[in-house]
Amino acid sequence: MRYIFLSIAMMLAFAVFFSSCSKKNPSELDPKIIQQLKQLYRASSLVVIGNASAIAQSTDSCTLGNLSVLSGGTVSNTYIKCIGATCEPNSFYLMFLLQTETTDEYSVLNSFKVLNGSVLFNELSIPVESITVLLNNFASEILLPSHTYYFSSLDALANACDVIFVGRVENFPPVTMMHCYSESNGVSVENEAEASRACITVLGAIKGEITYGIKLDFIYMPSMVNGMLDNSSLAPVTYNVSSVPPLKAESTYVFFMIKSDDVKQDLMFAINPIQGYIELDGEKLITSSNNICISSYSTLSQLVLSIRAHVY
């Protein structure tokens, strides 16, 4: 699970900066500035504060060290190469980055100098603490899959999933209103939807690289059934929220999952609300007639063999 944080070590390293910083509530910032930062956050795969090295600098890139990851998980090296930014050696910067195909090499979407505990943003001085609070707020807004499809064949269903696994629902909080958004042609569409953030423990992998015993965050959102399309014909499918199978805490299921499109959000979604999970009673599958491509299977062993025969 990824968290937005300043490590204790880096907080000590930045102590000289933070000591002179006046605290300010992020809500006091101009909404236009908050929106600009939100757009940068959503477009990036990594947000860091780091020190520009005095070596390995060029006119169009810099090397950043002493890294504090604000969003996007961890980096595998002490230094990262940032392409598209010119930095002053031995200065600290806040950078919004996009991963390239090369490990520890990133394209710079934007960078801002950090001085005396504040980020210099378009001639304004914003305390680092306020930036961190804003990033945490942005991270709570869930990016939804761009489309939801229903599958009539197991072949198509299995190959559309990022991972398929047997898992146990460890924690299933009550459904509440959750802020979410979707991306369409580069434009963010904001929304509110009833959802729950369930915790799933993996008990066995069927498809994909997934480790036994790992815990995953699953966004349970029955309303994603609305507007669902048939994968083959792209015609609307007439299921509704009442058609969605129940999810129960302390029960075991076969999960058909896709990963969030935002690499900073370590979240899983059901491939669709109708076909995203099948309850298990021991070896027996508890299937629904709404799940056409699964309804002919009665045991987990049969289903696993068939999935592995279809996945390519």
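Scope of the values below: all heavy atoms of this structure, side chains included, with no hydrogens, waters or symmetry mates. Worth saying up front: this structure is predicted, and the values here are computed from it rather than measured.
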Inter-residue atom distance [X].[atom1] - [Y].[atom2], 0.5 Å rounding:
X	Y	atom1	atom2	value
S118	K113	OG	NZ	13.5 Å
T252	L300	OG1	CG	10.5 Å
R168	S251	CZ	OG	7.5 Å
C62	Y93	SG	OH	7.5 Å
L303	C293	CG	SG	9.0 Å
L29	L124	CG	CG	8.0 Å

Whether over 12 other heavy atoms sit under 6.0 Å from E209 CD
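Check fails, neighbour count at 12 or below.
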Just wondering, more than 12 heavy atoms not from K38 lying within 6.0 Å of its NZ?
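Yes, because the 6.0 Å sphere around NZ of K38 holds more than 12 heavy atoms from other groups.
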Could you check whether [Y] and [X], counting side-chain N and O atoms only, form a donor-acceptor pair closer than 3.5 Å?
X	Y	value
S298	Q302	yes
S223	E194	no
S306	Y297	yes
T201	K215	yes
S242	N240	yes

Path from [X] to [Y] over hydrophobic side-chain contacts below 4.5 Å:
X	Y	result
M221	F218	no
V163	I307	no
I142	I258	yes
M257	Y212	no
L143	M268	no

Are F165 and T211 close enough, and set up right, to give a side-chain contact (heavy atoms from CB on, under 4.5 Å), and what steps lead you there?
CA-CA 10 Å; F165 61 92; T211 305; over 6 Å; no
State which residues pass side chain to side chain donor-acceptor pair (under 3.5 Å) with [X]; sequence neighbours excluded, sorted by chain then number.
X	answer
E105	none
D104	S76
Q36	N122

So V128 and V119, side-chain contact (heavy atoms from CB on, under 4.5 Å) or not? Walk me through it.
CA-CA 6 Å; V128 171; V119 175; 4.1 Å; yes
Please examine the side chains of [Y] and [X], heavy atoms only from C-beta on, and report whether any two atoms are closer than 4.5 Å.
X	Y	answer
V225	V241	yes
P173	S196	yes
S44	L97	no
L144	N191	no
R197	L267	yes
S243	M228	no
L280	L285	yes

Please, which pairs that meet ring pair (Phe, Tyr, Trp, His ring centres under 6.0 Å) have at least one residue in residues 169-202, sequence neighbours excluded?
F172-Y220
Provide the full list of ring pair (Phe, Tyr, Trp, His ring centres under 6.0 Å) pairs with a residue in residues 94-120, sequence neighbours left out, each pair given once.
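Non-adjacent pairs meeting ring pair (Phe, Tyr, Trp, His ring centres under 6.0 Å): F112-F121.
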As a test of understanding, state which of L120, V48, V114 forms a side chain to side chain contact (heavy atoms under 4.5 Å, CB included) with L94.
V114
Out of I200, L247, V166, I278, which one pairs with Y253 under the side chain to side chain contact (heavy atoms under 4.5 Å, CB included) rule?
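Only match with Y253 under side chain to side chain contact (heavy atoms under 4.5 Å, CB included): L247.
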Which atom pair, heavy atoms only, marks the closest approach of [X] to [Y]?
X	Y	answer
A205	R308	O-NH2, 3.0 Å
L157	I271	CD1-CG2, 3.6 Å
A43	L98	O-CD1, 3.4 Å
C82	L64	SG-CB, 4.0 Å
A193	C180	CB-SG, 4.0 Å

Report the C-alpha separation of E250 and K248 in whole Å, then their side-chain angles, then the decisive distance to 0.1 Å, and conclude whether the salt bridge (Lys or Arg N to Asp or Glu O under 4.0 Å) test is met.
CA-CA 6 Å; E250 300 182 1; K248 299 175 291 187; over 6 Å; no
Expected output: side-chain [X] to main-chain [Y] donor-acceptor under 3.5 Å:
X	Y	value
N272	Q275	yes
K207	C161	yes
D162	K259	yes
D60	G84	no

Working note: C87 + M95, criterion side-chain contact (heavy atoms from CB on, under 4.5 Å); need CA distance, chi angles, decisive distance, verdict.
CA-CA 11 Å; C87 303; M95 289 198 178; 3.4 Å; yes
Salt bridge flag under 4.0 Å for residues R42 and E183:
no
N-O pairing of K264 and D262 below 4.0 Å
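The answer is yes: the pair qualifies as a salt bridge.
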Aromatic ring pairing F255/Y277, orientation class (parallel under 30°, perpendicular over 60°, tilted between):
tilted
When the side chains of residues 147-154 are checked against the rest of the protein, which donor-acceptor pairs come out under 3.5 Å, sequence neighbours left out?
{"from": "Y150", "atom 1": "OH", "to": "N290", "atom 2": "O", "distance (Å)": "2.4"}
{"from": "Y150", "atom 1": "OH", "to": "I292", "atom 2": "N", "distance (Å)": "3.1"}
{"from": "S153", "atom 1": "OG", "to": "A156", "atom 2": "N", "distance (Å)": "3.1"}

Walk me through it: do L216 and I210 pass the test side-chain contact (heavy atoms from CB on, under 4.5 Å)?
CA-CA 10 Å; L216 303 174; I210 192 163; 3.5 Å; yes
